[in-house]
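Below: the structure, in structure tokens.
Small disclaimer: the values here were computed from a predicted structure and weren't measured. Chain A is the first sequence line, chain B the second, and so forth, proteins listed ahead of strands; every chain is numbered from 1.
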Amino acid sequence: MPEQIQRKLLIIDGNSLLNRAFYALPPLTNRDGEHTNAIYGFLTMLFKAVEEVKPDHAAVAFDLKAPTFRHDTYTEYKAGRKKMPMELAEQIEPLKEILDAMGLYRIQMEGFEADDLIGTLARMAESDGMTVAIVSGDRDVLQLVTEQTQVMITKKGITQMDVYDPDRFTEEYGIPVERFIDLKGLMGDSSDNIPGIPGVGPKTATKLLQEFGTIENLLEQSEAISNKKLKEKVDGHRQEAVLSKKLATIITNIPIELKMDDLRLGELSNPEVAALFRRLEFNSLLERISAPADFKSEKTADKHLWPEMTTIEALQELDGQVQQHQEITWYTLTDTNAEGWPSPVAAAFTIDGNTGWWLDCRNGSYVALARAWIIKWLGDPSILKKVHDLKLEKRAWGTVQIPFNGAPFDVMIADYLINPSKAAYDLEALSLHYDGQKVVTSKELWGTGLKRKKQTELDMEAMVAYLVQRTALIHRLTPELKRQLQELEMLSLYESVEMPLAFVLAEMESEGIELDAALLKDFEITYAKRIDDLIKQVHEVAGTEFNLNSTKQLGEVLFVRLNLPPVKKTKTGYSTDVAVLEKLKNEHAIIPLILEYRQMTKIKSTYIDGLLAIVNAGTGRIHSTFHQTVAATGRISSADPNLQNIPVRTEMGRQLRRVFVAREGWQLIDADYSQIELRIMAHLSGDPGFIKAFKEEADIHTRTAAEIFQVSEESVTGEMRSSAKAVNFGIIYGISDFGLSNNLNISRQQARLYIDDYLHRYASVKTYMDEMVTRARDKGYVTTLLHRIRYIPEINSKNFNLRSFGERMAMNTPIQGSAADIIKVAMVRVADELKKGNYQARLILQVHDELIVEAPPEEVEPVSLLLRQAMEEAAELSVPLKVDLSVATNWFDAK
DNA sequence: TACAATTGCAA
DNA sequence: TATTGCAATTGTA
């Protein structure tokens with residue numbers, strides 16, 4: 001026989017619990033002065049009840065002000081009741097708002113009391129075969145107790161409850177629960193102004209009922225009452241007894257039009273609830289609804305009912321539903337496979353977010369089929385696709401080369417655009433932020449460090465919970481994220497730039513760049529030898545062996561043993577950075593050796609060894625990851641390895657670029673924007689001097705030097721130019737005299753003079769910078785050319801350092817961010833044009849203002865043209881965008 | 001094993 | 001006390 005799952009209905013007596021909570025708790029208000037104690041107490045009791053009862057259905061019943069049939073029957077009904085205090089009355093509506101947000105069924109009807117609704121619901125549920133739990137602070141509802149229905153009455157305080165079933169009732173009251181209404185009929189109820197029989201209290205009433213059973217019997221056989229005085233009382237108030245019983249009887253057959261299914265209980269917590277809790281300052285309750293994800297709890301149990309896809313038919317059914325509903329949400333658990341590529345471990349799919357399927361990819365069955373569906377969905381513009389991290393999905397499923405139609409909605413990127421300053425955009429963070437809820441984390445699923453599980457060792461239950469939670473989350477968050485993008489006017493940035501860019505980045509990652517491994521090996525040997533020599537020499541000169549990599553030990557040797565003058569301190573000891581060492585260069589023969597050691601080890605460990613360790617064995621190429629949701633300004637970042645910080649400034653470092661090569665017979669086309677940030681500054685500030693300079697193709701730093709040093713361009717010396725260059729950079733970064741003095745090794749006063757001269761000459765720049773700071777202060781954020789936003793809360797800080805930092809961000813972000821906007825547009829266009837022109841050439845690298853394309857020789861010419869055009873026309877500014885372009889077989893020669 | 005601190009590479 | 005990043009290494013919790 002199949003196991004019957006017992007369904008449970010929880011009914012809350014709304015007014016009664018609210019009253020209890022109000023009088024049980026001291027007054028509480030939030031900072032707006034709203035009273036909150038009753039709501040807080042109510043919710044505490046509600047959570048407690050849900051926890052104990054574990055219902056799958058629930059309803060909350062309320063009274064309305066309107067008179068009920070009981071008033072018609074007995075005009076004195078509930079007369080003399082104290083009016084509800086204002087402080088309580090004002091809490092009813094907010095509570096109802098919360099209950100609605102929780103998706104709890106709220107029931108109230110004119111002409112009936114909450115008790116009657118509760119009774120009716122209870123009987124309906126019983127006849128559906130359900131069990132019922134009623135929570136109230138009012139003992140009247142005890143009459144509803146049956147074998148199927150238990151009643152929980154709050155004790156003193158708000159967390160303790162007495163639970164009544166028929167036995168417990170009889171034990172306490174000495175009569176069967178069916179006689180409860182007779183008891184009330186005899187006793188009356190002063191709080192409801194129900195008369196009963198005067199002089200008959202609980203003791204007497206119980207005794208009478210034990211003897212006669214019901215009021216009707218008692219009245220019929222009143223002759224048999226032995227106590228003469230009591231008999232007189234009963235006979236004298238027969239009508240009152242009958243009326244009182246009638247008033248006390250809860251009606252259980254109100255015609256209510258609802259199905260049990262309407263009462264189905266979902267997740268109580270969601271963004272709306274969290275927001276309401278935040279408004280009311282229910283911090284402990286907020287924590288409660290974001291309690292650690294317990295994937296084994298009842299709460300999420302039904303979600304585990306998503307079946308596993310084990311047949312082709314299931315996959316076909318999924319696709320059928322996708323076609324029918326024209327949408328699909330999916331999420332893939334990925335891992336790095338033996339070849340070093342992201343690959344699917346398992347995935348889940350849903351149409352409506354409530355139910356779906358999950359697919360185990362580990363044994364390979366149906367993976368190809370699932371992949372085929374994903375390809376089909378990606379290619380169908382009419383199907384709405386909701387995902388998290390599309391770039392990873394594309395790579396994991398091996399669909400990078402597959403063309404797409406109709407932009408998918410990527411909640412990760414959407415969240416980033418809405419607030420680019422967050423620390424993380426994984427679904428763990430998303431869930432916490434928007435739902436106030438925890439999901440099974442990656443750490444929890446995989447374990448960490450040496451204990452990290454293999455794919456085959458994953459806990460199945462945890463894995464399914466992981467998939468289901470996340471897939472449902474993506475589905476649930478999509479509308480809200482979309483709405484916010486629209487509100488912030490970033491839909492176009494999202495649809496036309498960021499989303500297509502995700503596809504381009506996926507291609508770049510999987511394409512990679514070739515390394516000349518043999519050359520790199522040569523470097524390795526040369527560097528190892530030289531470093532070894534240097535270590536020996538340093539130890540000899542120092543007269544002691546120590547770890548040269550340790551700043552602590554080095555500081556000890558330099559400033560204690562060798563008695564060199566300490567130049568600068570860090571918070572933990574002596575500073576030994578390059579600026580310090582440069583100042584000591586002539587003080588001791590050890591210093592130049594250390595400087596060379598530093599330079600060589602930097603290159604060897606980070607670049608030579610680092611790159612050798614990460615070359616893909618299969619392709620012989622480097623496949624960096626381009627992060628689209630890391631930099632708060634909108635830039636892309638590169639990691640594992642970082643290809644955006646390959647040395648170029650020193651000759652020795654620069655040589656390293658020879659190992660980055662085009663594939664056999666092909667060429668690298670390197671195109672970089674000339675002075676893009678200063679051009680953007682010219683555009684944004686509208687400064688006539690700058691605009692003119694760029695229109696005339698002047699050397700901008702020389703021109704700046706001529707302006708601020710008041711000389712002709714011909715007489716600008718190299719030193720003047722580099723000072724001007726430093727000032728130009730400083731301006732972009734949000735200048736300070738201290739920063740510039742540090743950078744140029746000049747006095748702060750001198751730096752101040754440079755800056756003042758500059759801002760005097762370029763007054764529009766000053767106006768523009770001031771405007772950005774003011775705007776950030778007033779609105780809380782700044783924006784870029786394409787409406788990318790960045791909030792700057794620091795700008796109103798009382799802390800000087802923090803505030804200053806905020807001001808520099810306000811000045812720099814529109815410039816750096818707009819440059820990011822522009823090159824992103826260019827990348828999308830380049831990739832698009834290459835595809836349209838059927839070129840073999842592909843974009844393989846981006847370094848903020850530089851794009852590198854790998855092309856076969858016959859395509860170099862047309863692709864160079866296409867590349868330059870796409871980049872120079874990526875934005876229409878009041879100054880031209882200029883691109884420098886160069887072609888070679890390796891990155892060193894292409895620069 | 002995880003994290004902070006220092007250092008240094010790029011735009 | 002100049003903007004945005006990533007990473008190697010040491011040393012400590």
Side-chain angles (χ1 to χ4, degrees), chain A residues 420-421 443 447-452 546-555 568-581 594-595 597-611 613-614 624-627 630-650 652-654 656-657 672-673 675-678 681 726-744 748 751 755 790 800-817 819-820 823 845-850 895:
Chain A
S421 305
K443 270 187 186 170
T448 176
L450 291 172
K451 282 192 187 157
R452 191 174 199 274
F546 65 99
N547 185 347
L548 247 176
N549 289 327
S550 163
T551 51
K552 198 178 170 211
Q553 293 179 39
L554 179 62
K568 199 165 59 169
K569 278 194 291 186
T570 66
K571 67 174 89 165
T572 54
Y574 303 112
S575 173
T576 66
D577 66 19
V578 70
V580 170
L581 296 179
I594 294 168
L595 280 167
Y597 172 85
R598 279 265 173 90
Q599 195 186 5
M600 301 219 58
T601 50
K602 174 71 182 182
I603 291 173
K604 181 166 187 287
S605 59
T606 303
Y607 299 104
I608 300 174
D609 297 344
L611 287 173
I614 209 166
S624 173
T625 303
F626 292 101
H627 292 290
V630 169
T633 50
R635 275 188 174 183
I636 291 164
S637 82
S638 156
D640 303 307
N642 180 359
L643 293 181
Q644 293 178 324
N645 71 342
I646 302 301
V648 71
R649 290 174 193 182
T650 67
M652 205 199 298
R654 191 174 188 147
L656 207 86
R657 294 190 165 213
D672 69 297
Y673 280 113
Q675 308 291 358
I676 189 169
E677 294 194 341
L678 283 174
M681 188 181 80
V727 179
N728 272 332
F729 271 96
I731 292 289
I732 287 171
Y733 294 155
I735 199 140
S736 77
D737 49 11
F738 189 93
L740 184 65
S741 70
N742 232 6
N743 193 277
L744 281 179
R748 218 167 133 173
I755 296 169
R790 182 183 187 181
F800 174 82
N801 286 332
L802 214 54
R803 188 171 66 246
S804 305
F805 186 38
E807 290 167 359
R808 293 194 296 273
M809 289 193 292
M811 294 187 264
N812 172 262
T813 297
I815 297 171
Q816 192 181 120
I823 198 164
L845 268 184
Q846 188 252 42
V847 192
H848 308 309
D849 63 355
E850 171 186 8
K895 256 309 224 174

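Every stem involving DNA chain C, taken as at least 3 paired positions in a row under the Watson-Crick or G-U wobble test at 3.5 Å, is listed here: B:1-11 with C:3-13.
With a cutoff of under 4.0 Å to any heavy atom of chain A, the contacted region of DNA chain B is bounded 5' to 3' by dT1(B) to dA11(B).
Annotation: salt bridge (charged side-chain N to carboxylate O under 4.0 Å, His left out) contacts of K602(A) (sequence neighbours excluded): none. The salt bridge (charged side-chain N to carboxylate O under 4.0 Å, His left out) search around D609(A) returns K604(A), not counting sequence neighbours. In this structure K552(A) satisfies the salt bridge (charged side-chain N to carboxylate O under 4.0 Å, His left out) test with no other residue, sequence neighbours excluded. Applying the ring pair (Phe, Tyr, Trp, His ring centres under 6.0 Å) rule to Y574(A) yields the partners F559(A); only residues at least two apart in sequence or on another chain are considered. A search for side chain to side chain donor-acceptor pair (under 3.5 Å) contacts involving S605(A) returns nothing, not counting sequence neighbours. Not counting sequence neighbours, the partners of T572(A) by the side chain to side chain donor-acceptor pair (under 3.5 Å) test are T570(A). The salt bridge (charged side-chain N to carboxylate O under 4.0 Å, His left out) test applied to R803(A) returns no partner, not counting sequence neighbours. Checked against side-chain contact (heavy atoms from CB on, under 4.5 Å), Y597(A) has the following partners two or more places apart in sequence or in another chain: I531(A), L534(A), I535(A), L548(A), N549(A), T601(A).
As judged by a 4.0 angstrom heavy-atom cut-off over every strand, A820(A) is placed among residues making no nucleic acid contact.
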Base-contact (B) and sugar-phosphate-only (S) positions in nucleotides 8-13 of chain C, heavy-atom cut-off under 4.0 Å, - elsewhere:
SSSSS-

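Using a 4.0 Å cutoff on non-hydrogen atoms, the parts of residues 572-581 of chain A near DNA chain B are T572(A), S575(A), T576(A), D577(A), V578(A), ordered by number.
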